[in-house]
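Take a look at the following structure, please.
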Amino acid sequence: MSILIDSNTRLVVQGITGREGLFHSRQMLEYGTHVVAGTRPGKGGEWVLDGKVPVFDSVQIAVDVTGANTSVIFVPARFAADAMLEAADSGVNLIVCLTEGIPVQDMMRVRNYLDQREVRLVGPNCPGLLTPGESKVGIIPGNIAIPGNIGVVSRSGTLTYEVLYALKEKNMGASTCVGIGGDPINGTNFIDVLAMFEDDPKTDTIVMIGEIGGTDEEKAAEYISKHITKPVYSFIAGATAPPGKRMGHAGAIVEGSEGTAQEKVKALRAAGVAVANHPEEIPDMILGD
Amino acid sequence: MSILIDSNTRLVVQGITGREGLFHSRQMLEYGTHVVAGTRPGKGGEWVLDGKVPVFDSVQIAVDVTGANTSVIFVPARFAADAMLEAADSGVNLIVCLTEGIPVQDMMRVRNYLDQREVRLVGPNCPGLLTPGESKVGIIPGNIAIPGNIGVVSRSGTLTYEVLYALKEKNMGASTCVGIGGDPINGTNFIDVLAMFEDDPKTDTIVMIGEIGGTDEEKAAEYISKHITKPVYSFIAGATAPPGKRMGHAGAIVEGSEGTAQEKVKALRAAGVAVANHPEEIPDMILGD
Amino acid sequence: MKLHEYQSKRLFAEHGVPIPNGEIATTPEEARIIAEKLGGAVVVKSQVLVGGRGKAGGIKLAKNPAEAQILAEKILNLEIKGLPVRKVLVDEAADIQTEIYLGITNDRAAKKPVFMASAAGGVDIEEVAATTPEKIIKIHIDPLLGLQDFQVLNLAVGIEMPRDLWDQFNTVAHGLWQAYKSFDATLAEINPLIITGDNRLIAVDGKMIIDDNALFRHPDLESHRDLDVEDASETEAKEHGLTYIKLEGEIGCMVNGAGLAMATMDIIKFFGGEPANFLDIGGGADEQKVAAALRIILKDPNVKAVLINIFGGITRGDLVAKGILAALEEVKPTIPMVVRLVGTNAEEGRELLANADMITAETLADAAQKAVAAARGGN
Amino acid sequence: MKLHEYQSKRLFAEHGVPIPNGEIATTPEEARIIAEKLGGAVVVKSQVLVGGRGKAGGIKLAKNPAEAQILAEKILNLEIKGLPVRKVLVDEAADIQTEIYLGITNDRAAKKPVFMASAAGGVDIEEVAATTPEKIIKIHIDPLLGLQDFQVLNLAVGIEMPRDLWDQFNTVAHGLWQAYKSFDATLAEINPLIITGDNRLIAVDGKMIIDDNALFRHPDLESHRDLDVEDASETEAKEHGLTYIKLEGEIGCMVNGAGLAMATMDIIKFFGGEPANFLDIGGGADEQKVAAALRIILKDPNVKAVLINIFGGITRGDLVAKGILAALEEVKPTIPMVVRLVGTNAEEGRELLANADMITAETLADAAQKAVAAARGGN
């Protein structure tokens with residue numbers, strides 16, 4: 001078992017004919033993910049990836065024809081809100097949006113609409129999901145993680161890779177890795193994923209990678225102290241970031257004294273979480289316990 | 001017991017200072033309803049009805065100060081959508097909207113918004129609710145019904161009164177009477193109320209008053225045949241209405257062959273419902289069984 | 001309120017929907033001048049608020065301005081389904097390759113607007129709807145979110161719109177949605193939306209119905225009202241806040257509440273009579289309204305008896321009684337009047353009417369039977 | 001993107017918010033001419049994108065046009081918190097009786113916009129927020145439904161707005177909301193909204209921040225950009241699709257991904273160094289981007305060593321390597337460079353870099369330690 005994606009995942013790739021969409025669809029396919037369809041308005045009827053994956057004009061048709069149950073979105077920011085709404089109305093139950101730079105008012109509308117429906121959004125501005133050895137939805141390089149019992153959840157993309165890679169170097173594997181994305185408004189937060197890992201029999205240990213900005217880590221800390229029985233390890237990026245500066249991620253804004261790395265680390269430690277000084281320390285900390 | 005309103009109902013009247021609002025607030029108060037507050041923006045701080053009921057500027061304040069749990073709306077059509085949204089955001093759990101002539105696009109927005117919240121709307125364009133001997137919310141004359149075990153639900157206003165009055169003339173009483181209103185988009189439909197009556201130990205018999213237009217009666221018939229064990233009696237108004245004419249209620253439009261009285265009667269009879277030729281027959285039909 | 005074709009198309013055009021060049025003429029000469037300005041062939045289209053204008057000879061193609069004048073004269077002299085043609089729309093003739101149907105209306109069951117499209121557009125769309133409904137694609141629109149691009153795409157794919165026209169189709173669909181939304185329409189329809197020989201989409205015919213309840217938000221649309229389609233008595237009733245619909249029977253009805261009014265008509269029929277009208281005086285009716293209602297009922301020469309059935313709730317019996325007395329004073333009717341007052345202040349009302357020459361009734365069945373008998377007696 | 005006061009106020013005015021009569025001047029003479037046109041006393045306000053303009057002498061009241069010219073000259077010669085004053089706004093002086101704060105921003109926790117109001121408006125609002133937050137009324141707005149009248153009422157009641165001003169307040173609140181919404185603002189603020197002696201509401205000062213991600217919808221706003229507030233290197237970086245923030249340390253960093261970039265800075269610090277910058281080359285960075293990034297880093301004279309940490313996902317190691325080689329070719333740096341490539345096509349990248357004169361590292365910790373050592377060695 002695992003969370004969110006596994007060998008039953010049937011994936012439709014929105015924006016499959018774009019450069020990134022095509023490159024990573026091939027990677028996912030090679031990893032073993034059931035990439036059953038792609039979409040690109042106006043290119044319905046074509047086939048891509050050596051004729052292995054059919055392209056449809058819309059997600060609705062892709063779902064009707066192929067039984068896709070999960071969507072991954074590679075479309076540009078200005079079309080991403082529409083793409084998420086399209087996926088939500090098509091009957092898939094999981095949407096993973098990788099797109100970066102979506103206007104925040106678009107995301108507020110999308111999120112408030114999705115909250116009325118039975119569909120989960122992961123992202124946007126995230127690297128997606130990886131259940132090593134079973135399925136990969138997104139862009140996390142498949143070869144940097146091996147199957148195991150560590151659940152990883154992270155707001156950051158490449159920083160997540162560091163952690164997976166560092167674990168693999170010590171021959172430690174992941175149950176599922178979830179990149180929730182760094183945008184201020186997203187679909188799935190730390191608490192959602194922590195709850196899933198807590199319920200997942202395959203996961204024994206949880207690694208949570210946070211960063212400055214917002215208060216999601218503080219809320220996660222509170223949740224951990226009340227509801228999580230499995231050991232949690234963490235790293236929070238941005239201790240050296242100067243306050244008031246926007247560090248790439250729209251989420252990473254330090255306003256007033258809210259959301260500093262110091263505060264987050266303090267909250268997590270108070271909740272019994274072991275917090276690393278840098279990401280590569282995490283495997284040894286887990287081994288040490 | 002009863003449904004929707006009882007002696008625990010604490011009512012705030014939106015638009016209490018208007019002619020109708022004031023008249024019927026007095027009637028409700030005299031009937032024994034706990035009219036705990038009224039609202040009218042700009043008149044907060046005044047008292048009405050011989051100093052018995054305080055007026056507040058907003059429903060939020062009225063709820064905070066008086067603990068109102070139900071709202072009834074007497075405001076003009078152009079302000080009614082805002083009034084319903086205001087009530088929905090203030091913490092009451094039941095909103096009864098009497099206002100007639102609300103634009104249908106306003107109602108679609110309101111209804112879709114309310115569906116996301118834990119609040120029930122009855123109406124609009126309805127006479128409200130009466131639980132004889134306990135509480136009255138709306139404009140149903142209190143003296144035309146006596147307490148009893150018959151649950152009454154109706155799309156019509158004055159036609160409902162006929163039925164209650166005819167029952168009373170035969171010394172038959174009502175558990176609760178619910179006017180759901182005749183507008184095409186409303187908050188509570190037949191099925192909602194039928195389900196409540198089915199669960200209500202005080203209700204032994206159900207009377208359902210429908211009219212031409214829409215397909216709510218047909219859906220109710222299907223629901224009755226599957227889920228309702230208590231005897232149901234019905235009357236459908238509009239058998240003589242010419243097709244294609246709008247008979248006052250926005251709902252009462254016969255489009256194509258859909259929603260005629262004949263069809264509704266047929267569907268109800270097929271579901272085991274006894275359908276009367278005219279409203280005054282109903283008491284004898286119930287007594288006869 | 002129904003809008004004319006030319007009014008609807010102009011509102012669509014305000015939101016970016018391409019429509020043919022054209023203008024309105026009220027005389028044959030004007031039609032000629034417009035045709036000269038437009039150049040080339042034109043279509044002369046009667047502007048009346050009924051369907052089947054084409055089959056009735058109300059839409060004609062003119063090859064030149066002189067012909068436009070002749071055809072306009074013929075059409076302006078037509079009466080279509082009882083309605084006089086007072087205006088014609090003179091539109092540039094379009095090169096029609098394909099006819100598409102597009103419409104938005106309210107779906108009461110879904111509690112959402114529904115956007116409909118069909119590749120089988122044109123005059124036979126109702127036939128299509130009845131016999132092959134699967135040829136009409138339907139998409140519900142979330143009223144809070146509004147129409148989304150992906151939904152337009154699903155419509156385009158559903159009706160097999162050629163791909164090179166998808167961008168144009170997006171503009172048309174959003175334009176229609178905006179018109180529907182911003183004018184509080186209950187129906188906004190383009191039929192046909194055509195594809196021209198040079199691959200353009202044009203809304204050749206259009207139709208809108210505006211929610212009467214929302215007209216307070218659109219005072220400018222009041223001038224668009226066409227009184228021809230409205231019965232004079234119905235219009236008069238509306239001015240008094242009443243809903244009146246003339247029928248063919250002999251018993252005039254005045255009732256408060258639409259449901260009770262229909263039930264009263266039904267019971268008249270049940271006891272062998274025929275209602276002469278539907279009349280709902282609404283909630284909270286006062287003296288003036290009641291008097292106006294009675295005057296309107298009595299104007300109908302078919303009426304042989306009147307049945308007044310008032311169940312007081314918001315409406316108060318005493319005010320109704322005063323209205324009846326005022327109207328009797330003015331109209332001095334010679335036909336029998338049956339009155340039944342129950343509910344709020346009914347007692348006071350009955351006292352006020354005690355001295356008037358009226359038949360009273362306790363129950364609705366009693367009132368209906370008395371009215372039927374009175375109408376027969378009056379023959 | 002931050003907008004100036006005059007730009008923000010004009011956008012508010014487009015949506016019905018009353019603002020003072022006034023115009024922009026870039027010279028003292030223009031300021032005088034505007035003051036003459038306006039008549040009476042005026043306020044001369046520096047237009048720079050920092051707070052505390054008043055305390056810095058950047059806002060002055062002038063009793064007459066001559067005085068306006070003198071004050072404008074003074075203000076136009078000011079530098080406020082490092083920013084030159086290039087423009088002044090000359091506004092009619094207002095009769096301020098009461099100062100109110102109104103602002104809309106995004107509440108990420110609630111995932112909704114939040115509308116804030118306070119009767120304690122004016123320059124001390126931040127003090128109010130810090131010490132007596134209960135004096136700031138907050139109302140969340142459903143992003144699908146939009147601002148409703150009852151919410152404006154609750155704000156008005158909450159800040160004890162006099163009742164005779166509620167209608168005006170409704171117009172202002174809806175205007176601010178419309179401006180926020182239609183321009184994709186992340187902040188739209190009126191502070192103060194004043195009540196004048198003759199009972200009018202006027203937005204005397206205004207502030208907007210536009211969501212950079214939404215600027216594609218507002219190409220007209222691009223001209224509103226003030227380059228003074230943006231570091232030249234940061235602007236250059238932005239043009240290349242990079243995010244660069246200059247810091248005070250000696251180790252230049254090039255990383256893909258904001259989180260990893262921050263973590264890289266953190267680990268440099270952890271091992272005793274100081275990062276010279278934050279630089280995220282983003283996802284899917286290509287040769288051109290990488291070369292531009294390296295040029296920008298090397299422009300900083302404080303930089304004693306460079307740490308390149310690329311973990312390939314969307315970004316491919318081979319393309320990054322090519323970019324590095326191109327930049328080395330062009331810039332010919334003399335300082336030590338530490339490079340760590342992992343992930344997608346990292347192998348190919350490492351091969352390409354094998355012959356370049358660079359220090360390589362396997363782990364992040366190793367890379368950071370080598371960079372810190374190299375920076376020290378280079379002193």
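Chain letters run A, B, ... following the sequence lines, proteins first, then strands; residues in each count from 1.
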Side-chain heavy-atom pair T215(A), R108(D) within 4.5 angstrom cut-off: no
Polar side-chain atom of D266(D) near backbone of A239(A) as donor-acceptor pair, under 3.5 Å: yes
Between I139(A), N186(A), T160(A), N112(A), the one whose heavy-atom pairs under 4.5 Å with chain D are most numerous: N112(A)
Separation of K269(D) NZ from T240(A) OG1 (nearest 0.5 Å): 7.5 Å
Heavy-atom pairs under 4.5 Å with chain A, option from P143(D), A130(D), G312(D), A185(D) with the top count: P143(D)
Salt bridge (Lys or Arg N to Asp or Glu O under 4.0 Å) between E280(A) and R340(D), worked out: CA-CA 14 Å; E280(A) 287 169 338; R340(D) 172 172 178 259; 3.7 Å; yes
Distance (rounded to the nearest 0.5 Å) between Y165(A) OH and T363(D) OG1: 9.5 Å
Which portion of L98(A) sits near chain D, non-hydrogen atoms under 4.5 angstrom: neither
Donor-acceptor pair, side chain of T158(A) and main chain of N256(D), under 3.5 angstrom: yes
Parallel, tilted or perpendicular, as decided by the 30° and 60° cut-offs, for the rings of F271(D) and H278(A): tilted
CD on E362(D) to CD on E169(A), rounded to 0.5 Å: 7.5 Å
Heavy-atom side-chain proximity of I144(A) to F311(D) below 4.5 angstrom: yes
Pairwise side-chain contact, V342(D) with Y161(A), heavy-atom cut-off 4.5 Å (strictly under): no
Sub-4.5 Å side-chain heavy-atom contact between V104(A) and T186(D): yes
Options E20(A), R111(A), E281(A), E162(A), ranked by heavy-atom pairs under 4.5 Å with chain D, top entry: E162(A)
Separation of I185(A) CD1 from D107(D) CG (nearest 0.5 Å): 8.0 Å
Euclidean distance, Q105(A) CD relative to N106(D) CG, rounded to 0.5 Å: 6.0 Å
Top contributor to chain A contacts, counting heavy-atom pairs under 4.5 Å, from E248(D), K181(D), E126(D): K181(D)
Distance in Å, M108(A) CE paired with D142(D) CG, rounded so as to fall on 0.5 Å steps: 10.5 Å
Crowding at NZ, K138(D) (>12 non-hydrogen neighbours, <6.0 Å): no
Donor-acceptor pair, side chain of N277(A) and main chain of F270(D), under 3.5 angstrom: no
More than 12 heavy atoms from other groups under 6.0 Å of NZ on K112(D): yes
Toward chain A, the part of Y244(D) with a non-hydrogen atom under 4.5 Å: neither
Per-residue contact mode, I236(A) against chain D (heavy atom under 4.5 angstrom): backbone
